[in-house]
Amino acid sequence: MIAPGKSAPRLERWAWLLAFVAIAAAAQELDGMHYRLVAPDAADSAAPTAARMLALLADGNIDAAAAMSNAPERRREVLGDYRKRVGDDEFKRIFTQYASPPNRLIAEVAIGERHLLIWDLAAAGHALAGQYFVRTGEGFALDDAPGDERSRLQKVLSAYRSGRLKP
(Lines give C-alpha, C1' and ligand atoms only; values in the text may rest on other atoms or scores of the structure.)
Protein backbone atom coordinates (compact mmCIF):
# COMPACT_ATOMS: atom_id res chain seq x y z
CA MET A 1 0.00 0.00 0.00
CA ILE A 2 1.21 3.51 -0.79
CA ALA A 3 1.78 5.74 2.18
CA PRO A 4 -0.41 8.84 2.15
CA GLY A 5 1.40 11.91 0.89
CA LYS A 6 4.37 9.97 -0.53
CA SER A 7 3.27 9.09 -4.07
CA ALA A 8 0.65 11.77 -4.63
CA PRO A 9 3.22 14.56 -5.23
CA ARG A 10 5.16 12.31 -7.63
CA LEU A 11 1.98 11.44 -9.57
CA GLU A 12 0.97 15.07 -9.57
CA ARG A 13 4.37 16.06 -11.04
CA TRP A 14 4.01 13.43 -13.76
CA ALA A 15 0.50 14.64 -14.57
CA TRP A 16 1.74 18.23 -14.91
CA LEU A 17 4.69 17.09 -17.04
CA LEU A 18 2.43 15.09 -19.36
CA ALA A 19 0.03 18.03 -19.66
CA PHE A 20 2.93 20.36 -20.49
CA VAL A 21 4.25 17.97 -23.16
CA ALA A 22 0.78 17.65 -24.69
CA ILE A 23 0.34 21.43 -24.84
CA ALA A 24 3.84 21.93 -26.23
CA ALA A 25 3.21 19.29 -28.90
CA ALA A 26 0.09 21.13 -30.06
CA ALA A 27 1.78 24.56 -30.08
CA GLN A 28 3.09 25.57 -33.49
CA GLU A 29 4.72 28.58 -35.07
CA LEU A 30 4.67 30.07 -38.57
CA ASP A 31 6.70 33.16 -39.41
CA GLY A 32 6.68 34.22 -35.77
CA MET A 33 2.93 33.58 -35.37
CA HIS A 34 2.00 31.16 -32.64
CA TYR A 35 -0.97 28.92 -33.20
CA ARG A 36 -2.34 25.73 -31.75
CA LEU A 37 -3.53 22.55 -33.42
CA VAL A 38 -6.85 21.28 -32.04
CA ALA A 39 -7.91 17.65 -32.16
CA PRO A 40 -11.34 17.17 -33.80
CA ASP A 41 -12.60 15.35 -30.71
CA ALA A 42 -11.26 17.96 -28.28
CA ALA A 43 -13.74 19.74 -26.03
CA ASP A 44 -12.68 23.08 -27.55
CA SER A 45 -13.05 22.02 -31.19
CA ALA A 46 -15.23 23.98 -33.61
CA ALA A 47 -15.70 20.83 -35.74
CA PRO A 48 -19.10 19.87 -34.22
CA THR A 49 -20.39 23.39 -34.99
CA ALA A 50 -19.13 23.08 -38.57
CA ALA A 51 -20.86 19.70 -38.93
CA ARG A 52 -24.17 21.17 -37.68
CA MET A 53 -23.86 24.12 -40.05
CA LEU A 54 -23.03 21.94 -43.04
CA ALA A 55 -25.99 19.67 -42.27
CA LEU A 56 -28.30 22.70 -42.21
CA LEU A 57 -26.91 23.92 -45.52
CA ALA A 58 -27.23 20.45 -47.06
CA ASP A 59 -30.93 20.67 -46.12
CA GLY A 60 -31.11 24.14 -47.69
CA ASN A 61 -31.83 25.80 -44.33
CA ILE A 62 -30.03 29.09 -44.92
CA ASP A 63 -31.75 30.95 -42.08
CA ALA A 64 -30.69 28.48 -39.38
CA ALA A 65 -27.15 28.24 -40.79
CA ALA A 66 -26.85 32.04 -41.00
CA ALA A 67 -27.98 32.31 -37.37
CA MET A 68 -24.78 30.41 -36.48
CA SER A 69 -22.68 33.36 -37.71
CA ASN A 70 -21.42 36.40 -35.83
CA ALA A 71 -22.81 38.45 -38.78
CA PRO A 72 -26.04 36.55 -39.56
CA GLU A 73 -27.60 39.07 -41.95
CA ARG A 74 -24.48 39.21 -44.11
CA ARG A 75 -24.11 35.40 -44.04
CA ARG A 76 -27.78 34.97 -45.03
CA GLU A 77 -27.26 37.36 -47.95
CA VAL A 78 -24.10 35.57 -49.17
CA LEU A 79 -25.69 32.12 -48.91
CA GLY A 80 -28.90 33.32 -50.57
CA ASP A 81 -26.96 34.87 -53.47
CA TYR A 82 -25.00 31.65 -53.89
CA ARG A 83 -28.17 29.52 -53.91
CA LYS A 84 -29.73 31.84 -56.53
CA ARG A 85 -26.63 31.47 -58.69
CA VAL A 86 -26.36 27.64 -58.56
CA GLY A 87 -29.98 26.64 -57.88
CA ASP A 88 -31.51 24.95 -54.86
CA ASP A 89 -30.66 21.36 -55.81
CA GLU A 90 -27.03 22.16 -56.62
CA PHE A 91 -26.72 24.21 -53.42
CA LYS A 92 -27.84 21.23 -51.34
CA ARG A 93 -25.65 18.80 -53.31
CA ILE A 94 -22.54 20.94 -52.82
CA PHE A 95 -22.99 21.26 -49.07
CA THR A 96 -23.85 17.58 -48.72
CA GLN A 97 -20.66 16.73 -50.60
CA TYR A 98 -18.57 19.22 -48.61
CA ALA A 99 -18.82 17.16 -45.43
CA SER A 100 -18.91 13.71 -47.06
CA PRO A 101 -16.07 11.34 -47.97
CA PRO A 102 -13.76 11.54 -49.75
CA ASN A 103 -13.70 15.15 -48.50
CA ARG A 104 -12.36 15.39 -44.97
CA LEU A 105 -11.30 17.74 -42.22
CA ILE A 106 -7.49 17.68 -42.13
CA ALA A 107 -6.63 20.28 -39.50
CA GLU A 108 -8.06 22.67 -36.95
CA VAL A 109 -5.90 25.62 -36.04
CA ALA A 110 -6.58 28.07 -33.20
CA ILE A 111 -5.22 31.52 -32.50
CA GLY A 112 -6.81 32.94 -29.41
CA GLU A 113 -10.59 32.54 -29.60
CA ARG A 114 -10.62 32.03 -33.37
CA HIS A 115 -10.41 28.66 -35.09
CA LEU A 116 -9.73 27.67 -38.68
CA LEU A 117 -11.01 24.35 -39.99
CA ILE A 118 -9.07 23.18 -43.04
CA TRP A 119 -10.90 20.80 -45.36
CA ASP A 120 -9.36 18.65 -48.08
CA LEU A 121 -11.97 18.76 -50.83
CA ALA A 122 -10.85 15.58 -52.56
CA ALA A 123 -13.91 15.64 -54.78
CA ALA A 124 -12.68 19.01 -56.12
CA GLY A 125 -9.14 17.87 -56.92
CA HIS A 126 -7.89 18.08 -53.33
CA ALA A 127 -8.44 21.82 -53.04
CA LEU A 128 -7.99 23.08 -49.48
CA ALA A 129 -10.88 25.13 -48.10
CA GLY A 130 -11.08 26.98 -44.82
CA GLN A 131 -13.92 27.78 -42.43
CA TYR A 132 -13.38 30.37 -39.72
CA PHE A 133 -15.07 30.15 -36.33
CA VAL A 134 -14.93 32.21 -33.15
CA ARG A 135 -15.69 31.10 -29.61
CA THR A 136 -18.93 32.58 -28.28
CA GLY A 137 -19.66 31.66 -24.68
CA GLU A 138 -20.10 27.89 -24.56
CA GLY A 139 -19.78 27.24 -28.30
CA PHE A 140 -18.67 28.63 -31.65
CA ALA A 141 -20.08 30.86 -34.37
CA LEU A 142 -18.99 31.15 -37.97
CA ASP A 143 -16.56 34.07 -37.97
CA ASP A 144 -17.68 36.59 -40.56
CA ALA A 145 -15.90 39.54 -38.94
CA PRO A 146 -12.41 40.56 -40.08
CA GLY A 147 -9.75 40.98 -37.45
CA ASP A 148 -6.12 40.40 -36.56
CA GLU A 149 -6.49 36.78 -35.40
CA ARG A 150 -8.51 35.90 -38.48
CA SER A 151 -5.89 37.51 -40.73
CA ARG A 152 -3.22 35.37 -39.09
CA LEU A 153 -5.37 32.27 -39.60
CA GLN A 154 -5.67 33.20 -43.28
CA LYS A 155 -1.86 33.15 -43.45
CA VAL A 156 -1.85 29.68 -41.90
CA LEU A 157 -4.37 28.49 -44.51
CA SER A 158 -2.22 30.00 -47.25
CA ALA A 159 0.81 28.12 -45.88
CA TYR A 160 -1.14 24.84 -46.01
CA ARG A 161 -2.26 25.58 -49.56
CA SER A 162 1.29 26.35 -50.70
CA GLY A 163 2.68 23.24 -49.03
CA ARG A 164 4.75 25.14 -46.44
CA LEU A 165 2.69 23.40 -43.75
CA LYS A 166 1.56 19.78 -44.00
CA PRO A 167 -1.52 18.28 -42.35
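In this structure, the separation between CG on N61 and CE on M53 is 11.0 Å, given to the nearest 0.5 Å. Atoms CG and CG, on L57 and L79 in that order, are 5.5 Å from each other to the nearest 0.5 Å. With rounding to the nearest 0.5 angstrom, the CD atom of E149 is 7.5 Å from the CD atom of E113. A distance of 14.5 Å separates OH of Y132 from OG of S69, quoted to the nearest 0.5 Å. The distance from atom CD of Q97 to atom CG of L121, rounded to the nearest 0.5 Å, is 8.5 Å. Separating the NZ atom in K155 from the OG atom in S162 is a distance of 13.5 Å, to the nearest 0.5 Å.
A donor-acceptor pair under 3.5 Å is formed between the side chain of R161 and the backbone N or O of L128. The closest donor-acceptor contact from the side chain of S100 to the backbone of T96 lies under 3.5 Å. Under the 3.5 Å distance criterion, the side-chain polar atoms of R83 are matched with a main-chain donor or acceptor of G60. No side-chain donor-acceptor contact under 3.5 Å links S45 to the backbone of A42.
When H115, R36, Q131 are each tested for a side-chain hydrogen bond (donor to acceptor under 3.5 Å, both in side chains) with E108, only one passes: H115.
Across all their heavy atoms, R135 and D44 have their closest contact at NH2-CB, 3.1 Å. In terms of heavy-atom proximity, A141 sits nearest to T136 at CB-CG2, 3.9 Å. Taking each heavy atom of A99 and W119 in turn, the nearest pair found is CA-CZ3, 4.4 Å. Closest approach of V134 and D143 over heavy atoms only: N-CB, 4.0 Å. Pairing each heavy atom of Y98 with each of A129, the nearest pair is OH-CB, 3.4 Å. Heavy-atom minimum distance, L105 versus A107: CD1-O, 3.5 Å.
Side-chain contact between R76 and D63 is present, with at least one heavy-atom pair separated by less than 4.5 Å.
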Start with the C-alpha distance between R152 and D148, add both sets of side-chain angles, then the distance that settles salt bridge (charged side-chain N to carboxylate O under 4.0 Å, His left out), and finish with yes or no.
CA-CA 6 Å; R152 289 185 283 162; D148 184 51; 3.4 Å; yes
For L56 and F95, what are the C-alpha separation, side-chain angles and deciding distance, and is it a side chain to side chain contact (heavy atoms under 4.5 Å, CB included)?
CA-CA 9 Å; L56 289 168; F95 284 104; over 6 Å; no
Yes or no on salt bridge (charged side-chain N to carboxylate O under 4.0 Å, His left out) for D89 and R93, after CA distance, side-chain angles and deciding distance?
CA-CA 6 Å; D89 290 341; R93 186 195 69 76; over 6 Å; no
Would you please test R75 and V78 for side chain to side chain contact (heavy atoms under 4.5 Å, CB included) and show each step?
CA-CA 5 Å; R75 178 54 43 187; V78 168; 4.1 Å; yes
Between L116 and Q154, does a side chain to side chain contact (heavy atoms under 4.5 Å, CB included) hold up when you go through it step by step?
CA-CA 8 Å; L116 163 65; Q154 288 171 326; over 6 Å; no
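The existence of a salt bridge linking R74 and D144 is excluded, since no basic side-chain nitrogen approaches an acidic carboxylate oxygen closer than 4.0 Å.
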